[in-house]
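This is a predicted model, so every value here is computed, not measured.
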Amino acid sequence: MKFELTILGAGSAVPTLQRNSAAQVLNVLERYFLIDCAEATQHQLRRFRIPYNRINHIFISHLHGDHYFGLMGFLSSLSMQGRKGEMHLYADPRLQEIIESQLKIMNTRLGYPLRFHPLTRNPEIILDDKVLTVTSFPLLHRYDAPVCGFLFKEKERSRTIRKDMADAWQVPVAFMQYLKAGADFVTPEGKVIPNRMLTVSPPPSRSYAYMTDTLFRERFAEYVSGVDILYHEATYGRELETVAKENYHSTAEQAARMAVLSGAGKLLLGHFSARYPDPSCLLPEARAVFPETYICTDGDVYDIPVQKRLGM
């Protein structure tokens with residue numbers, strides 16, 4: 001029952017020997033979702049043993065190079081390896097033009113269908129299937145690069161039938177679907193058997209939110225309210241708050257404030273400026289505001305457990 005995040009790149013615009021630029025993979029019940037795709041992302045996928053051929057959905061937050069320069073190479077490699085299944089790409093509409101131009105200049109084409117889903121500046125559900133929903137929402141970065149965040153939310157599952165109790169009350173097979181949906185059972189004699197006696201509640205649904213390259217704004221918290229794990233950029237420390245504002249980025253302290261405002265369970269910091277060889281220096285200022293804060297490192301894996309958080 002996996003809901004697991006792998007960090008492929010925790011750095012910002014300039015990669016370092018310790019950190020690649022932005023990219024992550026979310027594994028939801030063995031379905032893999034790529035979030036941003038910086039230069040060398042396909043190398044990181046191999047390095048951290050991600051089954052990249054099982055990635056069918058790619059989400060690009062915005063069109064700054066450290067978030068999508070690795071995309072064309074990755075798409076091309078998949079084609080050369082004989083991929084046939086559809087790939088779904090969610091991004092700024094201009095990315096479709098960029099990809100089509102590159103393919104035209106190279107006089108080539110991909111060997112599989114690339115389905116493009118343009119993002120808008122409105123909060124909207126962009127993927128909705130039987131397992132989860134993905135919602136995009138607007139953030140605030142430079143005028144030339146509208147940014148979207150993403151919220152991945154697992155759907156509630158059906159209740160689990162207690163076979164021993166269902167057999168004891170002789171519940172017909174045809175009624176099992178109603179039990180799973182929460183209905184009580186009424187015996188032929190008219191006795192009402194409460195659903196809670198016949199079923200077990202499903203595990204709580206889990207969620208993950210990705211917020212990168214944005215100025216801090218309190219109103220953004222409503223987009224990710226109650227999220228289990230929040231990834232928020234922390235390009236700079238508090239001592240460079242003026243620089244952060246000038247570059248439309250956030251500090252570690254501001255990321256922690258977002259975690260508090262949204263009621264997040266855990267905060268992951270990333271997108272660190274290259275001026276921080278060791279970004280752990282940003283941790284104290286964030287933990288002073290939100291104790292459940294962690295520094296992302298390339299290759300880190302974060303599991304979102306089925307159990308509810310304390311206090312929920």
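- Contact of the Ser205 side chain with the Lys155 side chain is not registered, since no non-hydrogen atoms from C-beta on lie closer than 4.5 Å.
- Residues Asp298 and Phe48 form a side-chain contact, since some pair of their non-hydrogen atoms from C-beta on lies under 4.5 Å apart.
- A donor-acceptor pair is defined here as one N or O able to donate and one able to accept, closer than 3.5 Å; no such pair exists between the side chain of Thr297 and the backbone of Asp300.
- Other residues, nucleotides and ligands place more than 12 heavy atoms under 6.0 Å from the CD atom of Gln42.
- Here the side chains of Phe220 and His232 are not in contact, with every heavy-atom distance at 4.5 Å or above.
- The main-chain N or O of Pro138 is never found under 3.5 Å from a side-chain atom of Arg121 such that the two would form a donor-acceptor pair.
- The side-chain heavy atoms of Arg257 and Glu218, taken from C-beta on, include a pair separated by under 4.5 Å.
- The number of heavy atoms from other shown groups lying within 6.0 Å of OH (Tyr248) does not exceed 12.
- Counting heavy atoms from C-beta outward, Phe137 and Leu139 have side chains that approach closer than 4.5 Å.
- Using a cut-off of 4.0 Å between Lys/Arg side-chain N and Asp/Glu carboxylate O, Arg206 and Glu154 are scored as salt-bridged.
- At a threshold of 4.5 Å between non-hydrogen side-chain atoms, the residues Leu8 and Gln24 do not count as touching.
- Between the side chain of Asp36 and the backbone N or O of Ser61 there is at least one donor-acceptor pair closer than 3.5 Å.
- Under the 4.5 Å side-chain criterion, counting only non-hydrogen atoms from C-beta, Lys153 is not in contact with Thr135.
- Remark: the Ser201 side chain and the Arg159 side chain contain an N/O donor-acceptor pair separated by less than 3.5 Å.
- Contact annotation: the side chain of Asn195 approaches that of Leu179 to within less than 4.5 Å [non-hydrogen atoms, C-beta and beyond].
- There is no path of hydrophobic side-chain contacts, each under 4.5 Å, that joins Ile7 to Leu45.
- Looking at Arg83, its side chain does come within 3.5 Å of a backbone N or O of Gly85 through a donor-acceptor pair.
- Residues Ala274 and Thr16 share a closest heavy-atom pair of CB-CG2, 3.9 Å.
- Among residues two or more places apart in sequence or in another chain, the ring pair (Phe, Tyr, Trp, His ring centres under 6.0 Å) test is passed with Phe272 by none.
- Distance check: Tyr223 OH to Cys148 SG gives 10.0 Å after rounding to the nearest 0.5 Å.
- When the side chains of ILVMFWY residues are joined at heavy-atom separations under 4.5 Å, either directly or via intervening members, Phe33 and Val301 end up in two distinct hydrophobic clusters.
- Of all the heavy atoms in Ala256 and Leu267, the pair that sits closest is CA-CD2, 3.6 Å.
- Within 6.0 Å of OH on Tyr178 lie no more than 12 heavy atoms contributed by other residues, nucleotides or ligands.
- Ser21 places a side-chain N or O within donor-acceptor distance of the main-chain N or O of Ser12, the cut-off being under 3.5 Å.
- When all heavy atoms are compared, the tightest approach of Val192 to Pro194 is O-CD, 3.5 Å.
- Using a cutoff of 4.0 Å between basic side-chain nitrogens and carboxylate oxygens, Arg142 and Asp213 are not scored as salt-bridged.
- For Glu285 (side chain) and Glu253 (main-chain N/O), a donor-acceptor pair under 3.5 Å exists by modelled atom type.
- No continuous path of hydrophobic side-chain contacts links Leu71 to Ile105 [ILVMFWY only; heavy atoms under 4.5 Å].
- Asn20 places no side-chain N or O within 3.5 Å of a backbone atom of Gly11 that could act as its donor or acceptor partner.
- Note on Leu29 and Leu5: same hydrophobic cluster, where clusters join Ile, Leu, Val, Met, Phe, Trp and Tyr whose side-chain heavy atoms are under 4.5 Å apart, directly or indirectly.
- Panel note: side chain Thr214, backbone Leu140; a donor-acceptor pair is recorded below 3.5 Å.
- Surrounding CD of Glu30 are more than 12 heavy atoms belonging to other residues, nucleotides or ligands, all under 6.0 Å away.
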Run the ring pair (Phe, Tyr, Trp, His ring centres under 6.0 Å) check on His57 and His117 step by step: do they pass?
-> CA-CA 10 Å; His57 301 268; His117 305 268; 7.7 Å; no
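- Of the residues listed (Leu127, Thr212, Leu119), the one engaging Phe150 in a side-chain contact (heavy atoms from CB on, under 4.5 Å) is Leu119, and it is the only one.
- In this structure, His249 and Tyr236 have perpendicular ring planes: the angle between them is above 60°, well past the 30° mark.
- Of all non-hydrogen atoms in Leu282 and Ala234, the two that sit nearest each other are CD1-O, 3.6 Å.
- Using cut-offs of 30° and 60° for the angle between ring planes, the His141 and His64 rings count as perpendicular.
- Residue Val28 forms a side-chain contact (heavy atoms from CB on, under 4.5 Å) with just one option from Ile304, Val134, Leu132, and that option is Leu132.
- Using modelled atom types, no side-chain atom of Ser225 and backbone atom of Glu222 make a donor-acceptor pair closer than 3.5 Å.
- Going from atom CD of Gln44 over to atom CZ of Arg47 covers 5.0 Å, rounded to the nearest 0.5 Å.
- For the residue pair Thr235 and Glu233, a side-chain donor N or O sits within less than 3.5 Å of a side-chain acceptor on the partner.
- By the rule that hydrophobic residues join a cluster once side-chain heavy atoms approach within less than 4.5 Å of another member, Tyr68 and Met211 end up as members of separate clusters.
- Looking at Tyr52 and Arg46, their side chains do bring a donor and an acceptor atom within 3.5 Å of each other.
- Geometrically, Arg287 engages Tyr294 in a cation-pi contact defined by less than 6.0 Å to the ring centre and at most 45° from the axis.
- Ring-plane geometry between Tyr231 and Tyr210 is classed as parallel, the angle between the planes falling under 30 degrees on a 0 to 90 degree scale with a further cut at 60.
- Smallest separation of non-hydrogen atoms from Cys281 and Tyr276: SG-CD2, 3.7 Å.
- No more than 12 heavy atoms of other residues, nucleotides or ligands sit less than 6.0 Å from atom CD of Glu156.
- A donor-acceptor contact under 3.5 angstrom links the side chains of Asp228 and Ser207, judged on distance only.
- Not a single donor-acceptor pair under 3.5 Å links the side chain of Thr199 to the backbone N or O of Arg196.
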